[in-house]
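In what follows, chains are A, B, ... by sequence order, proteins preceding strands, each numbered from 1. Side-chain atoms are counted along with the backbone in the values below, which use heavy atoms only and exclude waters and symmetry mates. Since the structure is predicted, the reported quantities are computational estimates derived from the model, not experimental observations.
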Number of protein chains: 2
Amino acid sequence: MPSPLELELHQDGRRLTPQRQKVLDLFQTIGSGNHLSAEEVHGHLVQSKSKVSLATIYRTLRLLVRMGFLHELELNEGGHRFELLSHDHPDHHHLVCLNCGRTEEFESEEVVLVGKKAAESEGFKLIESTLNVRGICPDCM
Amino acid sequence: MPSPLELELHQDGRRLTPQRQKVLDLFQTIGSGNHLSAEEVHGHLVQSKSKVSLATIYRTLRLLVRMGFLHELELNEGGHRFELLSHDHPDHHHLVCLNCGRTEEFESEEVVLVGKKAAESEGFKLIESTLNVRGICPDCM
DNA sequence: GTGCGTGCAAAATCTTTGCATACGC
DNA sequence: GCGTATGCAAAGATTTTGCACGCAC
């Protein structure tokens, strides 16, 4: 049985390689809600004895975002981070310290409702809502 | 009459320099809603015969964000971008079509409250909250 | 076999930092 | 004058790219 990743790739004349599979597997293993930088993805794969070059990680991450498997976050911690785009987990939100980059996650039913209302008012089909709250953490004040 | 920028700086043992004033002036001139990268800020200032080094721009942008005068956008490509954080307008949020990129803005009092609560629960000093709602717009369905 | 994908290393970006000097306070 | 801020250049961090080879199809 071909994976959704394989199907999507072939539809586009592309190929399923072990590297691409491993990157997506990693995100599925850690689950949605955890985000990794390119460097961290590389570290995880190297640890599990998989040799994937950093250049390939970058190429693969961009590809998986374009294909809708991953979601690209841009928090203020230097470097972009990626996470699995999951449809069966509630959206989660981020509280980020603008000074040190410390990040806390939280959930909010209200935010989901606001997002739903906003989408409906313009006739959009809602996919996800993410709230970014920025401030200064206690240690940095 | 001292500017708000000057007051804030002095409160913290910091100094109002021509460079800091010029960077903030630039954002106030173009108005909130227009965003610039560090490189672009540098370009504008050099054009207007002001010699400010790129290193100082980076230092100043981070400072102005920490002080709450600017807002760091999480847009996709390229480096980070900044825009004036206007205090007489509430934070505005974005409804984005994942397919065509069409973007609508909206405001929400509830989101501000949720952000405030989240910041308080971790002891953060709140600077801003932005909600991103992603979906598919009517034209793309 | 064809041509897309990978690895490698170099290059291109983007951002930060050390240190001497300048200047706001 | 004291101590913060700047400019410069160099270093650091992050991401992209050219090219030859390997492998999915």
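- Residue B:T56 places at least one side-chain N or O under 4.0 Å from the OP1 or OP2 atom of D:dG7.
- One finds no side-chain N or O of A:Y58 lying less than 4.0 angstrom from the OP1 or OP2 phosphate oxygen of D:dT16.
- Side-chain atoms of A:R15 come within donor-acceptor range of the base of C:dC4, with a qualifying N/O pair under 3.5 Å.
- Taking the six-membered ring for Trp, A:H35 and A:H94 have ring centres closer than 6.0 Å.
- Going from atom CG of B:L5 over to atom P of D:dA5 covers 12 Å, rounded to whole Å.
- As a whole-Å value, the separation of A:Q11 CD from D:dC25 C1' is 16 Å.
- Panel note: side chain B:E40, backbone B:S37; a donor-acceptor pair is recorded below 3.5 Å.
- Going from atom NE2 of A:H44 over to atom CG of A:L36 covers 6.0 Å, rounded to the nearest 0.5 Å.
- The side chain of B:T17 contributes an N or O atom lying less than 4.0 Å from OP1 or OP2 of D:dT6.
- For the pair A:G13 and A:S53, nearest-nucleotide mapping onto DNA chain C gives the more 5' position to A:G13.
- Among the nucleotides D:dC25, C:dC25, D:dT15, the one closest to any side-chain atom of A:L16 is D:dC25.
- Regarding B:I57, its CD1 atom lies at a distance of 19 Å from the P atom of C:dT13, rounded to whole Å.
- At a threshold of 4.0 angstrom between heavy atoms, the contacts of A:R59 include nucleobase atoms, whether or not backbone atoms are also involved.
- Linking Ile, Leu, Val, Met, Phe, Trp and Tyr residues whenever their side-chain heavy atoms come within less than 4.5 Å leaves B:L113 and B:V133 in two separate clusters.
- In this structure, CG of B:D12 is placed 14 Å from P of C:dC25, rounded to the nearest angstrom.
- Taking atom CG of B:L61 as the reference point, atom P of C:dT16 lies 10 Å away to the nearest angstrom.
- Judged by distance alone, the side chain of A:S50 and the main-chain N or O of A:V46 form no donor-acceptor pair under 3.5 Å.
- At whole-Å resolution of the value, CD in A:E39 and P in D:dT15 are 9 Å apart.
- Across the protein-nucleic acid pair, A:L9 atom CG and D:dC23 atom P stand 19 Å apart, rounded to whole Å.
- The residue A:Q19 sits close only to the backbone: its heavy atoms come under 4.0 Å of sugar-phosphate atoms, none of a base.
- Taking 4.0 angstrom as the limit, A:R62 places a side-chain polar atom (N or O) nearer than this to OP1 or OP2 of D:dT16.
- Position along DNA chain C of the nearest nucleotide to B:A55 versus B:R14 favours B:A55 as the more 5'-ward residue.
- For B:R20 and D:dA5, the shortest distance from a side-chain N or O to OP1 or OP2 is below 4.0 Å.
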